[in-house]
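Order of listing sets the numbers, starting from 1, for every ligand and every atom in it. In what follows, residues are counted from 1 in the order of the sequence shown.
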Amino acid sequence: MLTEQKIIDVLSDIKEPFLHKTLGELNAITEIKIKEEKNHASVKILVAKTGTAEQLQLQTEVVNRIKSVGAETVGIRFSELPEEVLAQFRQAAPENEDKGLLSPNNKTKFIAIASGKGGVGKSTVSVNLAVALARQGKKVGLIDADIYGFSVPDMMGITKRPVVRGERIIPVDRLGVKVISMGFFVEDNAPIIWRGPMLGKMLNSFFNEVEWGELDYLLLDLPPGTGDVALDVHTMLPSCKEIIVTTPHPTAAFVAARAGAMALRTEHEIVGVIENMSYFESKVTGEKEYVFGRGGGEKLADELRTEVLGQLPLQQPDWNDDDFAPSVYEEDHHLGKIYSDIAKKVVETV
Ligand SMILES: Nc1ncnc2c1ncn2[C@@H]1O[C@H](COP(=O)(O)OP(=O)(O)OP(=O)(O)O)[C@@H](O)[C@H]1O
Ligand SMILES: [Mg+2]
């Protein structure tokens, strides 16, 4: 027969996912109710944070265990642990999980999108590659690491701002991608006037104070060139991989090679080169015109001993008034398809 004690016994040693203490230790099992005639049990469980993926996992575990001692149906409600309990255990378990992204056992793959010079399409590529990976079911984060020249929020049509919960920033979810950008923390498009050291700090907060949850890939849209931020990323993320964006013009490729050289010097593996604005294709005749020259991507890839992951023609995304994301190509758009091919290659190589 189903009893309250049996339920307590079977649940007590489950670990709370954030504090890593058992539900028993935390006194986190409250309000057990049993309806014998229906063979139904309901419980209320306290966790450090509600509404998370971790909670879902815990829920499955709790339901299975209660069923294993005889319940046919299980009702479960979650609520947050009282502040004093949280405070007590938060100190006890500081490093483990919360260091998250930068901890050595984290499995997230970091990929920085770099270029030698501005305006070649790094941000466009970052945004669309992130969305393409998400469309393939990957858990993806995107850091707009262009602290001064942030553009990702506008490109993705993000109107929301991140929520701050306790001391953690919850990134904005857009098209399946978790996004963080300096643009979220600036009033009315005001210019950023910080100096060097603040930049590094900002980047650091993006890693350590943002609640990323579990991620397969974290993409970083870097500012153009080989400046401070790029260097900070290289030093902060020794295992970061890189994608270099260039236009097809040979001089562009030459400049991009510098970004590549920086990656190599800091021992960042280069995943490949993306050639953007490769050609213009006439809708009428289908003819390709190589308006910015030809061969830059290929040349750069040779020089960096890597491959060209894809070539993107000149074309704007289709307008979508219902769900405005001005720089994101739809999945069935010609460029959307090229991005999904690139995403597949990235999944294979990284
Ligand atoms: N394939 C393309 N076809 C048409 N327009 C494009 C394409 N790629 C990028 N653009 C446009 O070119 C401009 C520059 O692109 P983007 O902002 O992505 O470059 P960036 O390298 O991130 O620039 P910055 O160095 O300023 O950060 C944008 O207006 C973008 O919409
Ligand atoms: Mg940019």
**Complete:** atom 17 (O) of ligand 1: closest protein heavy atom, distance to 0.1 Å, is Met155 CE, 3.8 Å

**Request:** Verify the neighbour count for atom CD of Glu80: are there more than 12 heavy atoms of other residues, nucleotides or ligands below 6.0 Å?
**Result:** yes

**Prompt:** Is Ser126 close enough that one of its N/O/S atoms sits under 2.8 Å from the Mg ion (ligand 2)?
**Reply:** no

**Item:** Sub-4.0 Å protein heavy atom near atom 9 (C) of ligand 1
**Value:** yes

**Asked** Is the closest side-chain heavy-atom distance between Asp318 and His333 below 4.5 Å?
**Response** yes

**Prompt:** Would a line drawn from the ring center of Trp212 to the ring center of Phe207 be shorter than 6.0 Å?
**Reply:** no

**Asked** Do the side chain of Arg294 and the main chain of His249 share a donor and acceptor less than 3.5 angstrom apart?
**Response** no

**Item:** Phe184, CZ: over 12 other non-hydrogen atoms inside 6.0 angstrom
**Value:** yes

**Check against side chain to side chain contact (heavy atoms under 4.5 Å, CB included), Phe292 and Phe280** = CA-CA 9 Å; Phe292 291 132; Phe280 168 78; over 6 Å; no

**Request:** Dump the intermediate steps for side chain to side chain contact (heavy atoms under 4.5 Å, CB included) on Gln5 and Ile8, then the final yes or no.
**Result:** CA-CA 5 Å; Gln5 192 55 47; Ile8 294 177; 4.3 Å; yes

**Asked** ligand 1 versus Pro313, non-hydrogen atoms closer than 4.0 Å: side chain, backbone, both, neither?
**Response** backbone

**Request:** Can you establish whether the number of heavy atoms outside Glu167 located under 6.0 Å from its atom CD is more than 12?
**Result:** no

**atom 27 (O) of ligand 1 - nearest protein heavy atom and its distance** = Asp146 OD2, 3.5 Å

**Request:** Any chance you could lay out the salt bridge (Lys or Arg N to Asp or Glu O under 4.0 Å) test for Glu61 and Arg65, step after step, and finish with the verdict?
**Result:** CA-CA 6 Å; Glu61 175 85 39; Arg65 291 220 190 174; 2.7 Å; yes

**Request:** Return yes or no for this condition: an N or O of Gly119 is under 3.5 Å from an N or O of ligand 1.
**Result:** yes

**Request:** Check whether any N or O atom of Gly121, backbone or side chain, sits under 3.5 Å from an N or O atom of ligand 1, and answer yes or no.
**Result:** yes

**Item:** Test of proximity, Asp221 against ligand 1: N or O pairs below 3.5 Å
**Value:** no

**Prompt:** Would you say ligand 1 has an N or O under 3.5 Å from any N or O of Asn276?
**Reply:** yes

**Request:** Could you check which of Lys122, Glu275, Met277 puts a non-hydrogen atom nearest to atom 21 (O) of ligand 1?
**Result:** Lys122

**Request:** Output yes when the distance from some N or O of ligand 1 to some N or O of Lys117 is under 3.5 Å, and no in every other case.
**Result:** no

**Message:** I'd like to know if Lys122 pairs up with Asp144 as an ion pair, taking the criterion as any Lys NZ or Arg NE/NH1/NH2 lying under 4.0 Å from an Asp or Glu carboxylate oxygen.
**Reply:** no

**Message:** Students should be able to answer this: which protein heavy-atom is nearest to atom 18 (O) of ligand 1, and at what distance?
**Reply:** Thr124 OG1, 2.5 Å

**Message:** Please check whether Val120 reaches ligand 1 - meaning an N/O of the residue sits under 3.5 Å from an N/O of the ligand, judged on distance alone.
**Reply:** yes

**Message:** Can you tell me which portion of Gln315 lies within the under-4.0 Å heavy-atom range of ligand 1? Options are side chain, backbone, both, or neither.
**Reply:** backbone

**Message:** Counting only nitrogen or oxygen atoms and a 3.5 angstrom limit, does Gln316 reach ligand 1?
**Reply:** yes

**Request:** Measure from atom 29 (O) of ligand 1 to the protein's non-hydrogen atoms and state whether any distance is below 4.0 Å.
**Result:** no

**Message:** Please report whether atom 4 (C) of ligand 1 has a protein non-hydrogen atom at a separation of less than 4.0 Å.
**Reply:** yes

